[in-house]
Amino acid sequence: MRHHVHMADRPKSPRQRARAQAIRDIKRIARRQLTTEGSSGLSLRAIARELGIVSSAVYRYVPSRDELLTMLIEDAYNALGDAAEKADRGRDPDDLRGRWTAIGRAVRAWAVKHPSDYALVYGSPVPGYAAPRERTVGPGTRVGALLVRLYADHQRTAERLPEPTPVPRTLHRDLAGIRKTLDADVGDDLLARGILAWTALFGLVSFELFGQYVGGFADYGVHFDHQLARLADYVGLPA
């Protein structure tokens, strides 16, 4: 039997490999700049100096600072999405509370390990930069989409859901749009509860990383797990 080799499966040429390595080096140095200087201190000229090349050479790989920021944002969102999805796959699909807990802990663990990447996507906006929606909305909603799929599983299997609270007409329309975008069969009340839980999850992480909890809690992990369980209660996930 003859096996057909697709173009994507063929080995890359030396030039393609060199280009891919150069982009990896640029992003590696840029991430270090994020740690030391913050997003506003990102500099292609400084990256070129560290690589030992003229600044014009960097622009062959990354045409602008904004493009580099977009690449770093895509990478950060996707790394976070990978971590959350891996945690979800590691749990019994029927253990909805266990899945919620695993996803939440994975989000926090990734953020604590990669605080500069987290700050890039969940911290203050970068002055003068607007992320292109067509490239960042998909990666940026991976964790949210994962949670909405969990809520859909909850609605499908739950013996009893929390007593629903009617939502305003405008919010109903917005929730319908979210349902369509994420292709999720989740009712208004559960979806609204789930979005609040999703928001609170990231709020807990952001308060820890950005210093709002300093002096308040001796063990952030214990506080986080307690609040994560309360959010599961609010969504109605069975214990």
Side-chain angles (χ1 to χ4, degrees), residues 77-78 80-111 118 121-123 131 133-134 136-210 212-213 216-217 220-239:
Y77 275 139
N78 281 320
L80 176 57
D82 287 345
E85 289 170 7
K86 181 179 179 181
D88 185 48
R89 289 194 301 271
R91 302 293 302 193
D92 179 346
D94 295 329
D95 180 10
L96 300 181
R97 182 175 284 249
R99 288 170 58 193
W100 163 262
T101 302
I103 292 167
R105 286 175 173 171
V107 168
R108 176 176 179 263
W110 182 88
Y118 183 86
V121 293
Y122 287 105
R133 290 180 56 82
E134 69 276 6
T136 57
V137 169
T141 55
R142 283 179 60 183
V143 174
L146 180 64
L147 291 175
V148 169
R149 289 196 294 273
L150 188 154
Y151 305 149
D153 290 343
H154 178 37
Q155 179 170 287
R156 180 173 49 81
T157 61
E159 295 181 3
R160 182 172 176 271
L161 291 170
E163 186 67 27
T165 300
V167 302
R169 184 177 303 173
T170 300
L171 180 55
H172 169 74
R173 289 196 296 267
D174 291 339
L175 293 171
I178 292 171
R179 259 193 302 274
K180 183 177 180 181
T181 298
L182 298 181
D183 190 25
D185 181 19
V186 182
D188 278 358
D189 181 68
L190 179 56
L191 185 55
R193 286 173 181 265
I195 291 171
L196 178 56
W198 170 16
T199 305
L201 163 61
F202 279 90
L204 288 166
V205 174
S206 292
F207 265 45
E208 177 181 347
L209 261 65
F210 300 151
Q212 279 87 352
Y213 282 150
F217 298 100
Y220 293 140
V222 170
H223 168 68
F224 181 82
D225 282 351
H226 176 79
Q227 302 295 11
L228 204 59
R230 300 292 71 74
L231 291 172
D233 293 339
Y234 176 68
V235 175
L237 299 178

| task | Give every residue pair that meets the side-chain hydrogen bond (donor to acceptor under 3.5 Å, both in side chains) criterion with at least one member in residues 183-194, sequence neighbours excluded. | result |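 Listed by first then second residue: His172-Asp188, Arg179-Asp188, Asp189-Arg193.
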| said: Applying side-chain hydrogen bond (donor to acceptor under 3.5 Å, both in side chains) as the test, list every pair that has at least one member in residues 138-150; sequence neighbours left out. | reply: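 Residue pairs passing side-chain hydrogen bond (donor to acceptor under 3.5 Å, both in side chains), neighbours aside: Asn78-Arg142, Asp82-Arg142, Glu85-Arg142.
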| If you look only at pairs with a residue in residues 197-208, which of them pass as a salt bridge (Lys or Arg N to Asp or Glu O under 4.0 Å), with sequence neighbours excluded? |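 Sorted result for residues 197-208: Arg108-Glu208.
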My understanding is that only residues two or more places apart in sequence, or in another chain, count here; which of them pass side-chain contact (heavy atoms from CB on, under 4.5 Å) with [X]?
X      : answer
Ala158 : His154, Leu161
Ala87  : Ala102, Ala106
Arg169 : Arg173
Glu159 : none

For [X], which residues count as a side chain to side chain donor-acceptor pair (under 3.5 Å) partner, sequence neighbours excluded?
X      : value
Tyr234 : none
Thr101 : none
Arg156 : Asp153

| field | Closest non-hydrogen atom pair, Val143 against Ala84 | value |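 Smallest interatomic distance, heavy atoms only, reads CG2-CB, 4.0 Å.
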| query | Residues in ring pair (Phe, Tyr, Trp, His ring centres under 6.0 Å) with Tyr220, at least two apart? | reply |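 Residues passing ring pair (Phe, Tyr, Trp, His ring centres under 6.0 Å) with Tyr220: none at all.
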| message | Tell me whether Phe207 at atom CZ has more than 12 heavy atoms from other residues, nucleotides or ligands lying less than 6.0 Å away. | response |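 Open: at most 12 neighbouring heavy atoms sit under 6.0 Å from CZ of Phe207.
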